[in-house]
Amino acid sequence: MITCSLRYEIDPYKLKEFEHYAALWIPLVNRLGGKHHGYFLPHEGANDIALALFSFPSLAAYEVYRAAMAVDAECRAAFAYAEETRCILRYERSFMRPIF
């Protein structure tokens, strides 16, 4: 299993927009073969950092997801929403091997 960890730098004045964006992606990742573990939004501390975690059985399965995501209409609409609202300033993607 591989877990994708996303660290977002978000516009703190557009937290509602980012929360909407996050809510769009949870069912999309699950529908396209992953297991979304949720988004984690600022509460105390830094007000411009958010996290997301989702897993796939393997890195190969993640690559299949990436290819499907690129042509999926709902995924493309979610990306367009983030671009329109500019709620995400930057992000970092890392892959981890979880131990449960």
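Bear in mind that the values here come from a model prediction, so they are computed numbers and not experimental data.
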ask   = Roughly how far, to the nearest 0.5 Å, is OH of Tyr39 from OH of Tyr8?
value = 4.0 Å

ask   = Do Ser94 and Met96 touch side chain to side chain, with heavy atoms closer than 4.5 Å?
value = yes

key: Tyr81-Leu32 co-clustered via ILVMFWY side chain contacts under 4.5 Å   = yes

Which pairs of donor and acceptor atoms, one on a side chain in residues 64-80, lie under 3.5 Å apart (sequence neighbours left out)?
| residue | atom | partner | partner atom | Å |
| --- | --- | --- | --- | --- |
| Arg66 | NH1 | Tyr62 | OH | 3.4 |
| Asp72 | OD1 | Arg31 | NH2 | 3.1 |
| Asp72 | OD1 | Glu74 | N | 3.0 |
| Asp72 | OD1 | Cys75 | N | 3.0 |
| Asp72 | OD2 | Arg31 | NH1 | 3.1 |
| Asp72 | OD2 | Arg31 | NH2 | 3.0 |
| Glu74 | OE2 | Arg31 | NH2 | 3.1 |
| Arg76 | NH1 | Ala70 | O | 3.4 |

request  = Flag yes if Val29 and Leu59 sit in one hydrophobic cluster, no otherwise; membership is Ile, Leu, Val, Met, Phe, Trp, Tyr, and two members link when side-chain heavy atoms are under 4.5 Å apart.
outcome  = yes

Worked check of side chain to side chain contact (heavy atoms under 4.5 Å, CB included) between Thr3 and Phe54 = CA-CA 5 Å; Thr3 297; Phe54 52 92; over 6 Å; no

ask   = Trp25, Leu15: one ILVMFWY side-chain cluster at the under-4.5 Å cut-off?
value = yes

task = Would you give the length of the straight line joining atom NZ of Lys16 to atom NZ of Lys14, rounded to the nearest 0.5 angstrom?
result = 14.5 Å

query = Would a hydrophobic clustering, with Ile, Leu, Val, Met, Phe, Trp and Tyr connected at side-chain separations under 4.5 Å, put Leu6 with Leu51?
reply = no

Please output the side-chain donor-acceptor pairs of residues 42-49 that fall under 3.5 Å, not counting sequence neighbours, one pair per line with the distance.
none

ask   = Under a single-linkage definition using a 4.5 Å side-chain heavy-atom cutoff for Ile, Leu, Val, Met, Phe, Trp and Tyr, are Leu89 and Tyr21 assigned to the same hydrophobic cluster?
value = no

task = Start with the C-alpha gap between Asp11 and Phe18, add the side-chain angles, then the distance that decides, and say whether side chain to side chain contact (heavy atoms under 4.5 Å, CB included) holds.
result = CA-CA 8 Å; Asp11 183 334; Phe18 181 80; over 6 Å; no

request  = Without swapping roles, check the side chain of Lys35 against the backbone of Phe56 for a donor-acceptor pair under 3.5 Å.
outcome  = no

key: Heavy-atom closest contact (Phe95 atom, Arg93 atom, distance)   = CZ-CD, 3.6 Å

inquiry  = Return the CZ to OG distance between Arg97 and Ser55, rounded to the nearest 0.5 Å.
reply    = 12.5 Å

task = Count the heavy atoms of every other residue, nucleotide or ligand shown that sit under 6.0 Å from CD of Glu17, and state whether that count exceeds 12.
result = yes

request  = Look at Arg86 together with Glu84 and state whether they make a salt bridge at an N to O cut-off of under 4.0 Å.
outcome  = no

message = Once rounded to the nearest 0.5 Å, what's the spacing between atom CD1 of Ile10 and atom CD of Glu19?
response = 9.5 Å

task = Compare all side-chain heavy atoms of Ser58 with those of Met1 and state whether any distance is below 4.5 angstrom.
result = no

